[in-house]
Amino acid sequence: MSQSKHRALGLTCAVLLATLVGCGGGGGADAGGSLGVDRVVELAEGVGKDGADACPIPYDAGKAAEAAKVGEGIEAGAAGAEAGKPMATGEGGKTSDPQSAFAGKPGGLISCSYHVGGEDLTIHTVGTEAGSAINILLPTAQNAGSMSVEDVKAFHAKAADAKFGEPAASRGGNVVTVRLDSGGKGDVALLLTVGEEDKSALKPEQVQELARTFAAQAK
């Protein structure tokens, strides 16, 4: 995708987000992990601006790889151009920055980097006291999945309707989100991205199983 087209899609997605703010999911809490917004904020602030060498959320990549039958295994840290950067980054927390998605509504985002072979695998975990966590993740999902506006709408609808712990995948299959049980306060979700759309060595079913397993580990 060209840089100009990518930028245009990002701007269009931002406009689309404005129409989706406040839309939440409607599923019941019968599966998946349990992670409160306050805990996400605490962990995000703990990671800090400089990042961390380990993911503060106890995701077990080995067990996830086994569950999804990923023969190569999953290694900590990004591959390719992102290699050498901190494994985990955090943003948000209790901020008054008007540019932040969490301004005026405490929340946080933690991103943990892994790789499968030469492909980057990133787990984004977000929590917000107000509105939908999935909405905050949409721009990242759109970029990772090279989604059109219609793709974003379909992905959002599927994610919002999913039950806790139930994976909702993008059309290309390399982007999956899972809503987590936030304990009745705010909204928490996980977003897993792997490689590029239609180019990942992992099957869509494997990506969904990875997301399901990681979600069950969240706490």
Participant: Can you measure from SG (C112) to CD1 (I110) and round to the nearest 0.5 angstrom?
Facilitator: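 Spacing of SG (C112) from CD1 (I110) equals 6.5 Å.
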Participant: Are V188 and R179 packed together at the side-chain level, in the sense that at least one heavy-atom pair is separated by less than 4.5 angstrom?
Facilitator: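 Result no, sub-4.5 Å side-chain heavy-atom pair not found.
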Participant: Would you compute the distance between atom CE of M87 and atom NE2 of H115 and round it to the nearest 0.5 angstrom?
Facilitator: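 M87 CE to H115 NE2: 10.5 Å, rounded to 0.5 Å.
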Participant: Between K185 and V37, what is the shortest heavy-atom contact and its length?
Facilitator: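 Residues K185 and V37, closest heavy atoms: O-CG2, 3.4 Å.
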Participant: Run the side chain to side chain contact (heavy atoms under 4.5 Å, CB included) check on N174 and V207 step by step: do they pass?
Facilitator: CA-CA 7 Å; N174 71 314; V207 181; 5.5 Å; no
Participant: Do L210 and T213 come close enough that some side-chain heavy atom pair is under 4.5 Å?
Facilitator: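 Not touching, per the 4.5 Å side-chain cut-off.
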Participant: Rounded to the nearest 0.5 Å, how far does CD1 of I123 lie from OG of S111?
Facilitator: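 Here the rounded value is 10.0 Å.
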Participant: If I compare all heavy atoms of E119 with all of S200, which pair ends up nearest, and what's the gap?
Facilitator: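 Closest heavy-atom pair between E119 and S200: OE2-CA, 2.9 Å.
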Participant: Does V149 form a side chain to side chain contact (heavy atoms under 4.5 Å, CB included) with Q142? I'd like the steps, not just the answer.
Facilitator: CA-CA 9 Å; V149 173; Q142 183 265 329; over 6 Å; no
Participant: Could you work out, with side chain to side chain contact (heavy atoms under 4.5 Å, CB included) as the rule, every residue matching P86, not counting sequence neighbours?
Facilitator: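 Expected list: none.
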Participant: To the nearest 0.5 angstrom, please state how far the OG atom of S182 sits from the CD atom of E129.
Facilitator: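 Result: 10.5 Å between the selected atoms.
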Participant: Carefully, step by step, assess F214 and V178 under the rule side chain to side chain contact (heavy atoms under 4.5 Å, CB included).
Facilitator: CA-CA 9 Å; F214 281 129; V178 184; over 6 Å; no
Participant: Checking T128 side chain against G131 main chain: does a donor-acceptor pair fall under 3.5 Å?
Facilitator: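 A pair under 3.5 Å: no.
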Participant: Would you indicate whether the side-chain heavy atoms of E91 and V47 approach each other to under 4.5 Å?
Facilitator: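 Heavy-atom side-chain distance check fails, nothing below 4.5 Å.
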Participant: With sequence neighbours excluded, tell me which residues meet side chain to side chain contact (heavy atoms under 4.5 Å, CB included) with V175.
Facilitator: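 Once residues adjacent in sequence are excluded, the partners of V175 under the side chain to side chain contact (heavy atoms under 4.5 Å, CB included) criterion are A141, A144, M147, F155, S170, L191, T193.
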Participant: Is it the case that S146 and E196 place a side-chain donor and acceptor less than 3.5 Å from each other?
Facilitator: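 Result is no, nothing qualifies.
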Participant: Would you call Y114 and T122 a side-chain contact if the rule is heavy atoms closer than 4.5 Å?
Facilitator: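 With C-beta onward as the side chain, the pair stays apart.
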Participant: Using a 3.5 Å distance criterion without hydrogens, assess whether the side chain of E45 forms a donor-acceptor pair with backbone atoms of E42.
Facilitator: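 The answer is no, because no donor-acceptor pair under 3.5 Å joins these two groups.
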Participant: Got L121 and L192 here, is their nearest side-chain heavy-atom distance under 4.5 Å?
Facilitator: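 In contact.
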Participant: Does any N or O in the side chain of K85 come within less than 3.5 Å of the main-chain N or O of A78, such that one atom is a donor and the other an acceptor?
Facilitator: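 A pair under 3.5 Å: no.
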Participant: Check G73 against A65 and note the closest heavy-atom contact, atom names and distance.
Facilitator: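 What the structure gives for the nearest pair is CA-CB, 4.2 Å.
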Participant: Return the minimal non-hydrogen interatomic distance between L137 and T177, and the atom names on each side.
Facilitator: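 Smallest heavy-atom distance, with atoms named: CD1-OG1, 4.3 Å.
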Participant: Do the non-hydrogen side-chain atoms of V70 and L202 ever get within less than 4.5 Å of each other?
Facilitator: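 Touching, per the 4.5 Å side-chain cut-off.
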Participant: Under a 4.0 Å threshold between the charged nitrogen and the carboxylate oxygen, would K63 count as salt-bridged to E66?
Facilitator: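 No, this pair does not count.
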Participant: Measuring from R212:CZ to Q217:CD, what's the distance to the nearest 0.5 Å?
Facilitator: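 One gets 13.0 Å once the value is rounded to the nearest 0.5 Å.
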Participant: Side chains of L43 and I57, heavy atoms from C-beta outward: is any pair under 4.5 Å?
Facilitator: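 The answer is yes; the side chains approach within 4.5 Å.
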Participant: With heavy-atom distances below 4.5 Å as the criterion, would you say the side chains of H124 and T140 are in contact?
Facilitator: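 A side-chain contact exists here, since the closest heavy-atom pair is under 4.5 Å.
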Participant: Give me the atom names and distance for the closest heavy-atom approach of E209 to A68.
Facilitator: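 Closest approach of E209 to A68, heavy atoms only: CG-CA, 3.8 Å.
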Participant: Measure across A218 and L180 and return the closest heavy-atom pair with its distance rounded to 0.1 Å.
Facilitator: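 Smallest heavy-atom distance, with atoms named: CB-CD1, 3.8 Å.
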Participant: State the CD-CZ distance between E150 and R171, to the nearest 0.5 angstrom.
Facilitator: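 Nearest 0.5 Å value for the CD-CZ distance: 11.5 Å.
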Participant: Not counting sequence neighbours, list each pair that qualifies as a side chain to side chain donor-acceptor pair (under 3.5 Å) and has a residue in residues 52-62.
Facilitator: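 Sorted result for residues 52-62: Y59-T125.
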